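Right, one structure below, let's go through it.
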Amino acid sequence: VQDLLELSNIQDGAIPLSFEHVNLQSVVNSIIHTQKTELEKQQVEVSVDFPAEPIEIVADPQRLTHGINNLITNAIDTTPPKGVINIQLCTPPKVAEGWVELKIKDEAQLDDPELLKEMFDPFSRPSEGVTRGTGLGLAIARNIIQQHGGTVAAAPGTPNGTEITIRMPVAISENLLDLNTLPEHA
C-alpha cells in the first residue's frame, strides 16, 4: 500500500523536490554500500566503471537516490547467485552535450525480452523468479527520473540479462515545472 501511495503522489506531483548539486558517483557508491548485506546474501557482486572526475547534476538527492536504489535493488533481485551487476557512468563527452548516462546491467533470466517494453509499468515482472517487492519499484524509479527531466529505458543485455539506461540532464531549468526547456536528447 505504501508503494502504491508513493507512486500516486509522485505522478500527481504531490512530492516536492529540493534541487541541489549532487555527485552521481557518490549517490551510486552510497547505494552499493547500503545494499552490501543484500548483495552478500544474494551472492551477487557489483562492478563499477566511473570516470576519474566527479560528475555532478542538479537533482533532489533523496528522491534521486530512492529512484536509483529501486533500479539497483531490482538488479540484485533478478541476478542469479554468483552473478555480477555492472554499473557504468558515462564518459565526459556525454556531459558536454548536457546529459549524463548511468547504465545498470544485470544477469536476469528474462521470461520474454519483449516484456522489457512494459518493465516500468506498475506490477510488471519480466524476470523469472522475482517474488520480492510489490512490482511498483521500477514504476516509482521511472517517475522519479522523469521528475528530474530524465529518461529510463531497458534493453536486452549482451549476452544476457537486462541493461537499464538512465539519461539525466546535467542542469535543470530555473523553472523546474517547465521541463520542455531541457536540451533535446535522442
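The shown structure was predicted, so the numbers you read here are calculated from the model rather than taken from an experiment.
The CD1 atom of Ile104 sits 10.5 Å away from the CG atom of Leu89 when rounded to the nearest 0.5 Å. Of the inter-residue distances, the one linking Leu102 atom CG with Ile166 atom CD1 reads 4.5 Å to the nearest 0.5 angstrom. Interatomic distance, Gln147 CD to Phe19 CZ, rounded to the nearest 0.5 Å: 7.5 Å. Note that CD of Glu38 is 13.0 Å distant from CD1 of Ile72, once rounded to the nearest 0.5 Å. Between atom CZ of residue Arg167 and atom NZ of residue Lys103 there is a gap of 9.0 Å, rounded to the nearest 0.5 Å.
Within the 4.5 Å cutoff, no side-chain heavy atoms of Gln42 are placed close to those of Pro81. At least one side-chain heavy atom of Ile68 sits less than 4.5 Å from a side-chain heavy atom of Leu24. Side chains of Ile31 and Thr65 form a contact here, defined as non-hydrogen atoms less than 4.5 Å apart. A 4.5 Å side-chain heavy-atom check between Ile140 and His66 finds at least one atom pair inside the cut-off. The shortest side-chain heavy-atom distance between Leu71 and Ile145 falls under the 4.5 Å cut-off. At least one side-chain heavy atom of Phe50 sits under 4.5 Å from a side-chain heavy atom of Val28. A heavy-atom distance below 4.5 Å is found between the side chains of Ile76 and Gln35. Counting only heavy atoms from C-beta outward, the side chains of Gln25 and Ile55 approach each other to under 4.5 Å.
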Given side-chain contact (heavy atoms from CB on, under 4.5 Å), test Ile87 with Ile85 step by step and report yes or no. CA-CA 6 Å; Ile87 301 175; Ile85 298 167; 4.1 Å; yes

Check the pair Val46 / Leu39 against side-chain contact (heavy atoms from CB on, under 4.5 Å), numbers first and verdict last. CA-CA 8 Å; Val46 175; Leu39 287 162; 3.6 Å; yes

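Taking each heavy atom of Trp99 and Cys90 in turn, the nearest pair found is O-SG, 4.4 Å. Taking both residues in full, the closest heavy atoms of Ala59 and Val22 are given as O-CG2, 3.5 Å, listed atom of the first, atom of the second, then distance. Between Ile144 and Gly67, the closest heavy-atom pair is CD1-N, 3.8 Å. In terms of heavy-atom proximity, Ser47 sits nearest to Val84 at CB-CG1, 4.1 Å. Nearest heavy-atom pair, Thr79 versus Val44, reported as atom, atom and distance to 0.1 Å: O-CG2, 3.8 Å.
Qualifying side chain to side chain contact (heavy atoms under 4.5 Å, CB included) partners for Thr37, counting only residues two or more places apart in sequence or in other chains: none. Not counting sequence neighbours, the partners of Asn160 by the side chain to side chain contact (heavy atoms under 4.5 Å, CB included) test are Lys105, Glu107, Gln109. In this view, Thr165 satisfies the side-chain hydrogen bond (donor to acceptor under 3.5 Å, both in side chains) rule with no residue, not counting sequence neighbours.
Listed for the Asn74 side chain is no donor-acceptor partner under 3.5 Å among the backbone atoms of Asn70. Between the side chain of Asp60 and the backbone N or O of Ser18, at least one donor-acceptor pair lies under 3.5 Å. In this structure, the side chain of His148 does not engage the main chain of Met168 through any donor-acceptor pair within 3.5 Å.
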